[in-house]
Amino acid sequence: MIKATNVVKQYGNLKALDNFSIEIPAGKVGILGPNGAGKSTFVKIALGLLTPTSGEITVLGETLTKNTTEIRRKIGYMPEHDCIPNEMTGVEFLIEMGMVSGMSLAGATERTHEILGHLRMGEEKYRLIGEYSGGMRQKIKLAQGLIHAPEVVFLDEPTSGLDPNARREMLETINGLTDVSTTKVLLSTHILQDVETVCDSVIIVKDGKLQMQEDVKAIVGEKSNFVQVRIGGESENFISELKKKKITVEDDGRVLIIPYVDHSTYDDIIDASVKSECSLYEMERTSQSMDSVYQEIIE
Amino acid sequence: MREKAQLSDRFRDFDANLTTRPWIVLGMGLRKFNRLLTLKTWNGLGIWLMIAVVYLLTFIRFILFIEPEDYPCVDLNDEYQRCVPLDFYGDLLGNAGGTKLFLIAIAATASGGIIGNDMANKSIHLYLSRPISRLDYLIARFIPVFILLLLVTALPNYMILSSMWSGNGLETSWLLDRKWLIVNIMLQGILYSGTYSIIGLTFSTLIKKEGIASSTFFLFVYGTSLVCETFFTILNAFDIDEADYILLLSINHVVDMLSYLIFDTKYYVIAFFTPREVDIGSVELIAVFTVIFAGCAGFMYWIIQQMEANK
Amino acid sequence: MNIKLEQVTKNYGNVQGISNINLEVSRGITGILGPNGAGKSTTMKIILGLSRPSRGRITVNGKNPFDDWELKKDFGFVPEYDCFYEHMSGLEFVCYFLRMHDFQREEAEKRAREALTELGLEEAMERKINTYSRGMRQKTKVARATVFNPRVLVMDEPFQGADPTTRMLLMKKMTEWAENGKTILISSHILHDIQSLTDNIALINNGKMLAHGNRHEIRNLINIPRPITIVPVKDGNLRKLAKRLLDEKWTKATSIDEDTNELTVETTQTEDVYLEIPKILQKEKITVERIYSEDDSLDSLYAKLVEGHQWK
Amino acid sequence: MEIIDKIGKLPDIVQSFAKRSKNLFPPIAKDCIYRLLVNKITWIVVAILLLPCVLGVVIYFQTDEDRQVRESNGEKVYYDEDGDLIHEDAREEFLNIFDLFVISFVAIIMAIIFSSELINEEFENKTMQLLRTTPIHPFEIILHRYLAGVISMFAILGLNAIIFYYAVMMPSGTHGILENLDVLLMVLQILLFESLAFIAIFCVFTTYLEKPYLVGIIYWIVWESFVSTQNYQQLTITHYLNSMIFNSTKAMGWDVQASDFNLVNSNEEILATEPFTAMLIIVVIAILSLILASRGIANRQF
């Protein structure tokens with residue numbers, strides 16, 4: 001879908017991208033990395049909004065250095081910050097954006113209503129954007145990126161500032177995008193759980209360099225060597241019970257971390273909970289999460 | 001379920017059928033023009049009101065009270081002429097009696113937020129991510145103000161022309177004798193509209209708040225014009241020959257002088273109730289104008305170029 | 001510090017911001033949760049004395065924060081939105097507010113440097129704020145709010161736009177501060193973060209306080225059966241365990257998912273179940289590798305409360 | 001009773017403010033003056049202000065040859081073609097242009113711009129909310145900003161006055177420049193009091209109103225330009241400024257009439273206020289405005 005070879009982008013002395021090479025597969029791809037790692041720079045170069053200092057980048061098989069404006073017909077972009085005017089209604093704004101992309105009035109109108117229907121926006125689409133809630137604004141932002149039926153859509157932090165319900169809804173929408181259209185999704189975010197729920201593969205960028213490119217399913221789910229236990233009642237009794245069995249327990253205030261040896265560890269835990277009369281709310285062998293993978297790579 | 005599946009198919013196979021860039025730019029400009037003239041906002045109302053005033057003035061001042069034989073030019077004294085198309089752009093104050101105040105006010109109101117609002121609510125990032133270049137965007141934003149100003153510059157002048165023509169019995173020969181006039185009026189209209197729009201856009205780019213941008217534009221253009229004229233008068237009182245050059249500081253006067261140049265008439269400013277000739281070479285004049293125009297355009301382009309780079 | 005809201009109501013014109021909120025916070029971290037526009041920020045602003053309640057009483061250590069400007073030296077506020085003097089450097093910005101807290105110049109600069117370095121801004125602090133990224137802005141805001149060692153720390157969405165590294169750093173700091181006896185009120189939309197930070201939460205929806213207290217206690221207030229999922233190690237034990245559990249009087253229903261090898265028990269009782277299940281498991285000698293209740297997570301608790309469930 | 005209590009406490013509060021101001025004023029002033037000086041609109045105003053100065057220089061070079069020199073007491077005194085003293089002409093030009101252009105036009109616009117930059121910008125940037133969570137009294141918030149505003153406005157306008165004075169007085173030589181320094185001092189005094197008064201008044205507008213520009217300009221046109229020439233002109237600041245100019249010029253021995261400064265009512269009675277009273281009233285108005293503005297900030301809900 002996107003192929004970059006040795007892309008360098010320099011701002012003064014600062015190297016935002018340093019010999020960045022990548023081949024991004026189709027599907028839903030998440031980009032992770034600390035602030036200032038070069039994620040946004042890469043996305044903007046791929047959009048043709050910035051020109052790289054050196055290197056070559058092809059999007060959907062077309063070289064970007066030649067026709068940066070034409071490629072944007074095939075690309076949708078949802079920026080991170082709030083960037084929609086307050087004085088238009090949702091429908092008006094989307095039609096305007098569609099027509100700025102080169103659609104006809106009829107086409108843009110039809111498409112607008114289709115997308116908004118798909119995003120489950122009702123009558124409020126005829127209200128002024130200024131009166132919208134954060135979730136609705138975010139939906140309008142997403143819709144304007146999809147209006148001209150692009151082949152790729154870049155989503156820059158689509159869930160930032162959304163409350164939990166709106167966030168879940170937004171993630172479901174993005175998840176469903178690939179089911180109802182051929183649009184490919186490139187998602188950049190800071191919330192690692194989003195990547196876990198939405199993306200097929202993940203890219204981690206740091207200091208302008210590619211650190212990792214992997215399938216999400218492959219990394220999440222690997223078991224670690226610790227059992228996490230949450231109990232109620234007197235935790236001291238529980239811990240001393242386990243100490244009798246020469247098991248060390250780490251208490252981080254709310255959960256207990258117990259090293260995993262084999263299945264007998266589970267029995268020991270249950271035994272201890274019965275003996276100490278502590279209620280056992282949760283016992284689980286922790287699996288590798290995006291958090292731990294991310295931390296491992298970044299630090 | 002069936003219905004949803006249908007929707008999805010249409011959604012999936014949607015063909016956007018995109019047009020080419022010139023059409024996008026033109027369409028963008030025209031839609032913005034349409035939005036400028038909406039009656040829903042105070043700005044739109046104000047613009048409508050001022051347009052009405054301009055036409056009213058045109059009708060009363062020029063159509064009713066000018067005899068067809070005095071059109072287009074009448075001798076003021078031995079040296080100077082008063083031409084109706086030039087008088088139209090004159091000051092409302094003083095004995096010239098024109099519509100300049102309203103033209104500048106319309107330009108200020110219309111152009112104040114035209115780029116600044118996009119920058120303030122950051123939707124400029126969305127526009128720039130569409131298949132148009134930055135220059136296209138600037139042109140698309142220039143068009144609406146330009147058209148709006150043509151409506152109050154060239155159009156009323158043509159109205160005066162046609163009313164004079166009908167006063168002369170609608171004879172084709174009358175019109176054919178004044179072919180130059182038709183062209184000149186258009187040139188003049190383009191000159192005024194273009195200059196005011198580009199300066200307005202520059203202020204809008206420079207100051208992101210609509211109201212402040214409008215008032216700064218107005219104060220800058222009209223204020224400097226008043227100040228320069230006052231100083232010109234004072235300098236004349238001291239009989240200083242180079243006083244003419246102070247008028248080059250005022251954009252208003254530069255445009256006026258160019259417009260007099262188009263009509264090939266001597267330019268004068270009324271100081272102490274008598275017209276005083278201002279004699280500045282056409283080369284200098286055009287050079288100053290080009291510097292202003294290119295400076296504004298270049299500045300805007302530069303700011304828009306900076307937009308993404310520093311983010 | 002003891003923050004006490006009694007029947008606090010705030011109207012904006014005819015629009016109700018919050019109504020009849022009761023809340024008492026003394027120390028430690030409290031998470032304030034709720035949808036957008038529920039009244040979290042309004043509550044925080046009333047606590048900080050930025051706005052005056054229309055009705056009701058707010059006291060911080062017995063004083064009203066709106067009128068008592070000297071009380072405010074104990075308040076650190078991290079607002080949700082950006083509010084900077086963009087032309088200042090991060091260091092100058094923090095210094096500026098330290099000076100407002102009546103610190104002398106050298107002292108202020110020393111403290112500001114320390115605080116910013118602690119949050120990992122040592123390289124950026126001489127740069128102007130308008131060149132900062134969102135994470136750096138967030139860190140600057142937190143540094144500004146904590147540098148003068150306030151006793152009350154109110155943070156509205158402090159993790160917004162912060163990258164995972166920053167988020168983890170901030171969370172570590174917050175835990176530290178809470179241990180040092182600060183009162184921390186924090187709101188966040190990412191329930192995952194709150195869950196790993198604190199169990200003490202206050203849930204606000206539509207301007208009303210839905211629940212306030214420990215996560216587990218709040219869960220117990222909801223009057224719906226709670227499913228507990230048990231995953232035995234060996235397949236053979238699945239049906240045996242299900243049958244055994246059905247004998248218990250508190251079991252309402254059991255269901256088995258053969259694919260994932262999971263057994264889900266729906267119970268009517270709450271607290272005792274967690275004591276009973278290990279006993280049964282031990283007696284039957286069934287080794288399980290996982291016991292959990294999806295319902296117990298903050299995510300599901302939030303969904304249930306905000307969507308409006310029955311109360312006991 | 002409460003009010004009496006408050007007044008009783010006033011000396012203590014003033015004292016504590018004075019003590020704290022040593023620490024509070026430098027950072028606030030530094031920030032405010034910086035903000036005012038990098039503001040684009042300020043520079044547009046400054047550019048407009050420079051026009052008269054350029055004009056003065058042009059006049060000097062043009063009239064250079066025409067003027068005549070006479071020596072008296074070892075000093076060069078310049079006369080124009082008609083034998084009149086140049087500096088007596090020039091000082092009147094200086095005062096007229098400055099009064100018309102700067103004192104009653106640019107200065108007021110500048111005060112509107114400055115006060116909204118100082119206060120309104122902070123509301124819009126929401127830094128005011130942060131300030132309200134710091135242990136600093138609303139009056140201090142406004143006072144230090146106000147002082148910084150007065151200093152920068154007085155500095156810009158005063159510098160402009162000096163340059164303009166020099167430019168206009170150049171044809172009359174060193175003698176003329178030194179001879180009329182009292183006019184310059186008077187103008188500087190007027191500028192100081194004008195800054196004091198108008199920034200305080202517009203600060204009140206900015207704390208209570210969302211869009212202070214419009215109200216400020218309406219206030220200027222209706223109140224300071226129109227009412228200030230009418231019968232009840234004592235209600236306007238312009239009246240007191242005019243009185244100060246009138247009294248000072250009279251004391252300097254100029255031939256001026258009260259009607260030149262619109263200081264007469266419809267019955268042609270002279271309304272001019274004594275200069276000391278005028279200054280006192282301006283200072284009192286400024287202080288009252290600041291207190292009002294601080295109440296506005298204190299009661300503002302965020």
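- Atoms OG1 and NE2, from D:Thr133 and C:His101 in turn, are 6.0 Å apart once rounded to the nearest 0.5 Å.
- Heavy atoms closer than 4.5 Å to chain D are found in the side chain of C:Lys10, but not in its backbone.
- Counting heavy atoms from C-beta outward, C:Cys83 and D:Met128 have side chains that stay 4.5 Å or more apart.
- Of all the heavy atoms in C:Glu70 and D:Pro135, the pair that sits closest is O-CB, 4.3 Å.
- Separation of atoms CZ (C:Arg52) and CZ (D:Arg300) is listed at 14.5 Å; rounding is to 0.5 Å.
- Other residues, nucleotides and ligands contribute at most 12 non-hydrogen atoms within 6.0 Å of the CZ atom of C:Arg105.
- Taken to the nearest 0.5 Å, the OG atom of C:Ser51 stands 12.5 Å off from the CG atom of D:Asn299.
- Ranked by non-hydrogen atom pairs under 4.5 Å with chain D, the options C:Phe75, C:Phe148, C:Phe77 are led by C:Phe77.
- We find the NZ-OG1 distance between C:Lys72 and D:Thr134 to be 8.0 Å, quoted to the nearest 0.5 Å.
- Only the backbone of C:Asp82 comes within contact range of chain D, with heavy atoms under 4.5 Å apart.
- The local environment of CZ in D:Phe226 is sparse, with at most 12 non-hydrogen atoms from other residues, nucleotides or ligands closer than 6.0 Å.
- Both the backbone and the side chain of C:Tyr85 come within less than 4.5 Å of a heavy atom of chain D.
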(request) Apply the test side-chain contact (heavy atoms from CB on, under 4.5 Å) to residues C:His87 and D:Val38: give CA-CA distance (whole Å), side-chain angles for both, the deciding distance (0.1 Å), then the verdict. (result) CA-CA 10 Å; C:His87 59 270; D:Val38 297; 5.9 Å; no
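- The line from CG of C:Asp102 to NZ of D:Lys19 is 8.5 Å long, rounded to the nearest 0.5 Å.
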Open item on the list: Under the criterion side-chain contact (heavy atoms from CB on, under 4.5 Å), I'd like the reasoning laid out for D:Leu130 against C:Phe93: C-alpha separation, chi angles, the key distance, then a yes or no.
Closed with: CA-CA 12 Å; D:Leu130 290 186; C:Phe93 181 73; 4.1 Å; yes
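- In this structure, D:Lys30 and C:Glu92 have side chains that are in contact, with non-hydrogen atoms separated by less than 4.5 Å.
- Atom CG of D:Asn23 is separated from atom CZ of C:Phe103 by 10.0 Å, given to the nearest 0.5 angstrom.
- At a 4.5 Å heavy-atom cutoff, the contact between D:Leu131 and chain C is made by backbone and side-chain atoms alike.
- The choice from D:Ile136, D:Asp31, D:Asn125 that makes the most heavy-atom pairs within less than 4.5 Å of chain C is D:Asp31.
- When heavy atoms are compared at a cutoff of 4.5 Å, D:Glu122 approaches chain C solely by way of its side chain, counted from C-beta outward.
- Shown here is D:Phe25, whose CZ atom has more than 12 heavy atoms of other residues, nucleotides or ligands within 6.0 Å.
- For D:Glu124, no part sits under 4.5 Å from any heavy atom of chain C, backbone or side chain.
- Inspection of the C:Lys45 and D:Gln301 side chains reveals no N or O donor paired with an N or O acceptor under 3.5 Å.
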